There are 2 protein chains.
Amino acid sequence: MATIHEVAQKAGVSAATVSRVINNRNTVSEKTRMRVEQAIHELEYEPSVLGRNLRNSESRLLLVLIPSISNPFYSEIINGIEDTAIAQGYNILLCETDSNPNREAIYFNMIRNRLADGIISMDPTVNKEKLIELANTYPIVQCSEYEKDGSISYVTIDNELAAYQAVKHLIKLGQKKIALINSDEKFLYARERRQGYEKAMREFGLPIKSEWIYITDQLGFQSGQQAMRVLLNLADRPTAVFAVSDILAIGALKEININDLRVPQDIAIVGFDKISFSNMTHPTLTTVAQPMYKMGCLSVNMLINKIRGKKVDSIVMDHELVIRQST
Amino acid sequence: MATIHEVAQKAGVSAATVSRVINNRNTVSEKTRMRVEQAIHELEYEPSVLGRNLRNSESRLLLVLIPSISNPFYSEIINGIEDTAIAQGYNILLCETDSNPNREAIYFNMIRNRLADGIISMDPTVNKEKLIELANTYPIVQCSEYEKDGSISYVTIDNELAAYQAVKHLIKLGQKKIALINSDEKFLYARERRQGYEKAMREFGLPIKSEWIYITDQLGFQSGQQAMRVLLNLADRPTAVFAVSDILAIGALKEININDLRVPQDIAIVGFDKISFSNMTHPTLTTVAQPMYKMGCLSVNMLINKIRGKKVDSIVMDHELVIRQST
DNA sequence: AGGATTATTGTAATCGTTTACATGAATGAA
DNA sequence: TTCATTCATGTAAACGATTACAATAATCCT
């Protein structure tokens, strides 16, 4: 790979001039610009990102923090992030934390090292204190999961409202015994969705029985399946389920199928996220769609604005209840 | 963030000595080593990767090329890659090409720029000529999909054998009319799995009807569903299906369910990959398991050896047929 | 023409490391 | 004691870019 000096030599100018051509500084005459561009072309020169970064202390790399790459919920958001980032000349580094503080520390150090210019955190398991502290010094935005105190800008949806509407949908269909399969309530989204659930139940005068609320400690299919197993064994068995993620809902559905119960006749079920697999289950899953791709795009724009020192406002996006066969 | 010079000053030595301490050069006296380590600790110093990279022209970053992050097949491999890479002091940059040559070009340039030290390609849609050319100069390994000419080291499984065994399993169950849902045969794995299918059919004297072989142009659920729709409409309808990926098999299963046919009684089905969903379908899917995590680990080790200039040999791993309810 | 502007280009310092080489101190041998 | 050898450390150049500043060339105005 040619260096800037070789280009300079070939074009008969100094490295400084070549640099000016590359960066579109206006102070280069048309004649030399042509010569330089010719030389760049002939040598197939590409500026070394390393050299540039060192000097500018910018890397044009964005960190995206997710707990696990296996969770399809993130895929679509990441698509949005990637498309937008590349369009703006940034690359993204996907950081799977596996909810492991050591990994998290590695990635946090990358930004301190100026190896990355900013962070988009989608990790609900992130160390909040550390993240907030880091956000004082470095550009950080949150997507989906966020801090309520507003110390970090975010893109999200109204989780409470979405959950409220999902449960209301079940109620309108005549359901009265509605269970909730929630994830750990240390996550804000879990607390908010629970509130939406309770709000709808209360509004229609339905009982909120604690035995109908199952809290999973993990996020996989198995957890949903396990939750449903417990719910089905109750003396007063619920006739509908609202699960806070499609993954959990699909696990629950599996357990219902195993027990030869019919969906939605015996048990209706609503998920959350509209992952692609939710349309492949039998029956297909009613779910809450988040504008995932769009959320990814907006997060990147927000982050880049922050990097450039602009002030940014948090965004709450619209969601949509997608009614399919499971209700 | 402190620099090496600040550490040097605090410890009362030169930057060179600090550098030697950091890199475990043996020529530092115990006394000064202690002083330097103390200073590093007090200043919470972390070496700048940028400066180091520029000097060494190494980045300790590995590129992982995949067509799409949404495909769960890659998730588990990536887990293996990530764990191993981090353990060896490397980070990985997940590169989603979306089968887009422009994106591919961006990533290829990163390695030419020395922004990355090597590439693990898992992308069957990659431009083979460019990849092979690049592999002459830079460390590159392939995982799963590979080049038969042996110009690039790889980690893979015996696709033909795996397909052969999957189909043989169907035959042993008494199936005679076995269809194949394949992906585009420009991919080596597709050609190999087809050969395995044909080998088994031939060996047991079963007819290979071209109308029983459906080739999808995409890799999503919909393609599998579409394929099954066509197969079900045949006058001479197959009674079993071998799909070359779980995604396709799940789509096919969906279509079978829609038509109120029973699996496996009316139609048996075998997938490939053992993605996590394959255990959540109703019925659960018989499939071929690849040692995905392990493949990821081995790819990284292979690549790092290549980076260090060692000679490496390609590896063919063992697979396993996982028999579940769909057969 | 001569001085003042302005446009263009070059020089050299800088970013944070690593490392070949130089230097000086400590040690050992005679 | 004196010289050779070894050990520990420092000096300075490099990696490849960017950019403040200086220097020169071109242009304009009176």
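The chains referred to below are lettered A, B, ... by the order of the sequence lines, with proteins before strands, and numbering in each begins at 1. Small disclaimer: the values here were computed from a predicted structure and weren't measured.
Ion pair A:Glu37/A:Arg35 not flagged as a salt bridge, since none of the NZ, NE, NH1 or NH2 atoms sits closer than 4.0 Å to an Asp/Glu carboxylate oxygen. Remark: B:Glu46 does not engage A:Arg112 in a salt bridge, criterion side-chain N to carboxylate O under 4.0 Å.
Ranked by how close their nearest DNA chain C nucleotide is to the 5' end, B:Ile4 and A:Thr27 are led by A:Thr27. The residue among B:Gly51 and B:Ser14 whose nearest nucleotide of DNA chain D is located toward the 5' end is B:Ser14. Summary of the strand contacts: B:Thr32 and B:Asn56 both lie near DNA chain D, and taking for each the nucleotide with the nearest heavy atom, the more 5' one is attributed to B:Thr32.
Side-chain polar atoms of A:Glu58 and A:Asn53 form no donor-acceptor pair below 3.5 angstrom.
If you measure from atom CZ of A:Arg33 to atom C1' of C:dT9, you get 14 Å, rounded to the nearest angstrom. For the pair B:His5 NE2 and C:dT14 P, the computed distance is 12 Å after rounding to whole Å. One can place CD of B:Glu58 at 14 Å from P of C:dT17, the figure rounded to the nearest angstrom. Rounded to a whole Å, the CD atom of A:Gln9 is 15 Å from the C1' atom of C:dG10. Between A:Ile22 atom CD1 and D:dG16 atom P the separation is 14 Å, expressed in whole Å. Atom pair B:Asn23:CG and C:dT17:C1' shows a separation of 9 Å (rounding to whole Å applied). Whole-Å rounding puts the B:Arg25 CZ to C:dT17 C1' distance at 12 Å. Counting to the nearest Å, the P atom of C:dT14 and the CG atom of B:Leu50 are 19 Å from each other.
Within 4.0 Å (heavy atoms only), A:Leu54 reaches at least one base atom of the nucleic acid. Within the nucleic acid shown, B:Glu46 comes within 4.0 Å of sugar-phosphate atoms alone, with no base atom in reach, counting heavy atoms only. A:Val49 comes within contact range of no nucleotide atom at all, as no heavy-atom separation falls under 4.0 Å. Among the atoms of the strands shown, only primed sugar atoms or phosphate atoms (P, OP1, OP2) are found under 4.0 Å from some heavy atom of A:Thr17.
With C:dT17, D:dA20, D:dT9 as the choices, the nucleotide that has an atom nearest any side-chain atom of B:Thr3 turns out to be C:dT17. For B:Arg20, whose side chain is taken as the heavy atoms from C-beta onward, the closest listed nucleotide among C:dT9, D:dT9, D:dG16 is D:dT9. The nucleotide whose nearest atom lies closest to any side-chain atom of B:Arg55 is, among D:dG10, D:dG16, D:dA13, D:dA13. Taking the side chain of A:Arg52 as heavy atoms from C-beta on, and the options C:dT17, C:dG10, D:dT18, the nearest nucleotide is D:dT18. Looking at the side chain of A:Ser29, the nearest of the listed nucleotides C:dC15, C:dT8, C:dT18 is C:dT8. Listed nucleotides: D:dA17, C:dT18, C:dA12. Nearest to the side chain of A:Ala16: C:dA12.
Not one side-chain nitrogen or oxygen of B:Asn53 sits closer than 4.0 Å to the OP1 or OP2 atom of D:dC15.
To the nearest 0.5 Å, the span separating CD1 on A:Ile4 from CZ on A:Arg52 amounts to 8.5 Å. Summarising the geometry, atom OH belonging to B:Tyr138 is positioned 13.5 Å from atom CG belonging to B:Leu131; distances are rounded to the nearest 0.5 Å. Rounding to the nearest 0.5 Å places CD1 of B:Ile140 at 12.0 Å from CG of B:Leu62.
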